[in-house]
Amino acid sequence: MPELPEVQTVINHIKDDLMGEKIKSIIPLWTKVLHNFTPNDIYQKLEKKTVVDVIRRAKFIILQFHTGIIAIHLRMTGKLYFHLKNDYPKHCTAYIEFESGKKLIFEDVRKFGRFYLYNNLDHINHRHGPEPLDSSFTVKIFQGMLLRRRRNIKALLLDQSFLAGLGNIYVDESLWKSKIHSNSISNAIPKKRSEALFHNIRNTLEEAIVKKGTTIIDFSVNGESGKYAKMLQVFGRDGLECFKCGTLIIKNKVAGRGTYTCQKCQKVYT
DNA sequence: AGGCGTTCCTGGGGGC
DNA sequence: TGCCCCCAGGAACGCC
């Protein structure tokens, strides 16, 4: 389940090979993978069809062209990588052919991943909150955001229109580090705790990017595994002792997601 | 506004 | 030994 650090890792891995490449064609092998366009649309909308930049916004990989963007969302099992052979992997749902002969493969076992074609980032920006790692995102802004809502903290942090990029793993990690129980209500969290949460979200994401993400279930880049799995403090540790207090970590469901918690360290604020 | 259920998919785990 | 059922999970959407 790729979250911000995993998406950033994919971009860091393929960006140099994408820059300056000109698209020859985009081939869907499974019809629904192109969400709002057809292969022919790229001739009209992308004009020169040359990749001028590759950036991340929220959990999207953005291929920037002179007159538009292709946004790619990996959802749960999507993988994006260059492939030299002429055959396609079993779960390849689409690929992009470049004039140079390079092929960018999109492999996606569960078929939730999608490609989108837009004129610019407006459409994505409108439905997404701030980037947690941006320098413009501050403690004060975050605390204000929490106070203006009265909502379950885990549901809120997972909500991409509130804050972009977090997913199930890094939400649990950030809440544990901040000693906040996932059943807490956003505007009941004390100032000191929300300040800690702000810093722990950023530190956790930054450290995970350095470690090239977390290898859980399906995530890897060209078979290379992320190293953050070794750093996880609560996620996936049900039945094991909390690293801070020794209490057994429990797993339950919060906001419809599998959630890992230390019932002693993490306080419920309501 | 917020919470919850449903949908999309498939591999894999649980139950017997 | 095998097989069937059901579920996880990101995001969008509809409903209360």
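Each chain gets a letter, A, B and so on, in the order its sequence line appears, and its residues count up from 1. Basis for what follows: all heavy atoms, side chains included, without hydrogens, waters or symmetry-related copies.
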Considering every strand and a 4.0 Å limit on heavy-atom distances, what is the contact class for [X]: base, sugar-phosphate, or nothing?
{"X": "A/G167", "answer": "nothing"}
{"X": "A/R257", "answer": "base"}
{"X": "A/N152", "answer": "sugar-phosphate"}

Report the nucleotide, chosen from [options], that has the shortest atom-to-atom distance to any side-chain atom of [X].
{"X": "A/R151", "options": "B/dG3, B/dT10, C/dG10", "result": "B/dG3"}
{"X": "A/V109", "options": "C/dA12, B/dG11, C/dA11", "result": "B/dG11"}
{"X": "A/K90", "options": "B/dT10, C/dG9, B/dG11", "result": "B/dG11"}

Checklist entry - Taking the six-membered ring for Trp, are the ring centroids of A/F198 and A/F137 within less than 6.0 Å of each other? => result yes
Next on the checklist: Please report whether the ring centroid of A/F106 lies less than 6.0 Å from that of A/Y88.
Outcome noted: no
In whole angstrom, what separates [X]'s [atom1] from [N]'s [atom2]?
{"X": "A/H128", "N": "C/dA12", "atom1": "NE2", "atom2": "C1'", "result": "11 Å"}
{"X": "A/D172", "N": "C/dG10", "atom1": "CG", "atom2": "P", "result": "11 Å"}
{"X": "A/N252", "N": "C/dG9", "atom1": "CG", "atom2": "P", "result": "12 Å"}
{"X": "A/F60", "N": "C/dA12", "atom1": "CZ", "atom2": "C1'", "result": "11 Å"}
{"X": "A/R75", "N": "B/dC9", "atom1": "CZ", "atom2": "P", "result": "11 Å"}
{"X": "A/H35", "N": "B/dT7", "atom1": "NE2", "atom2": "C1'", "result": "13 Å"}
{"X": "A/K59", "N": "C/dA12", "atom1": "NZ", "atom2": "P", "result": "10 Å"}
{"X": "A/M76", "N": "B/dG12", "atom1": "CE", "atom2": "C1'", "result": "14 Å"}

Checklist outcome for this item: Applying side-chain hydrogen bond (donor to acceptor under 3.5 Å, both in side chains) to A/H123 and not counting sequence neighbours gives A/Y118, A/R127
Look at [X] and [N] and indicate whether a side-chain polar atom (N or O) is within less than 4.0 Å of OP1 or OP2.
{"X": "A/H73", "N": "C/dG10", "answer": "no"}
{"X": "A/H91", "N": "B/dG11", "answer": "yes"}
{"X": "A/R149", "N": "B/dG2", "answer": "yes"}
{"X": "A/K32", "N": "B/dC8", "answer": "no"}

Checklist entry - Angle class for the A/Y116/A/F60 ring planes (parallel below 30°, perpendicular above 60°, tilted otherwise)? => result perpendicular
Next on the checklist: If stacking means aromatic ring centre less than 5.5 angstrom from the base's six-membered ring centre, planes under 30°, is A/F112 stacked on C/dG10?
Outcome noted: yes
Item to check | Side chains of A/T38 and A/N40, donor plus acceptor under 3.5 Å | outcome: no
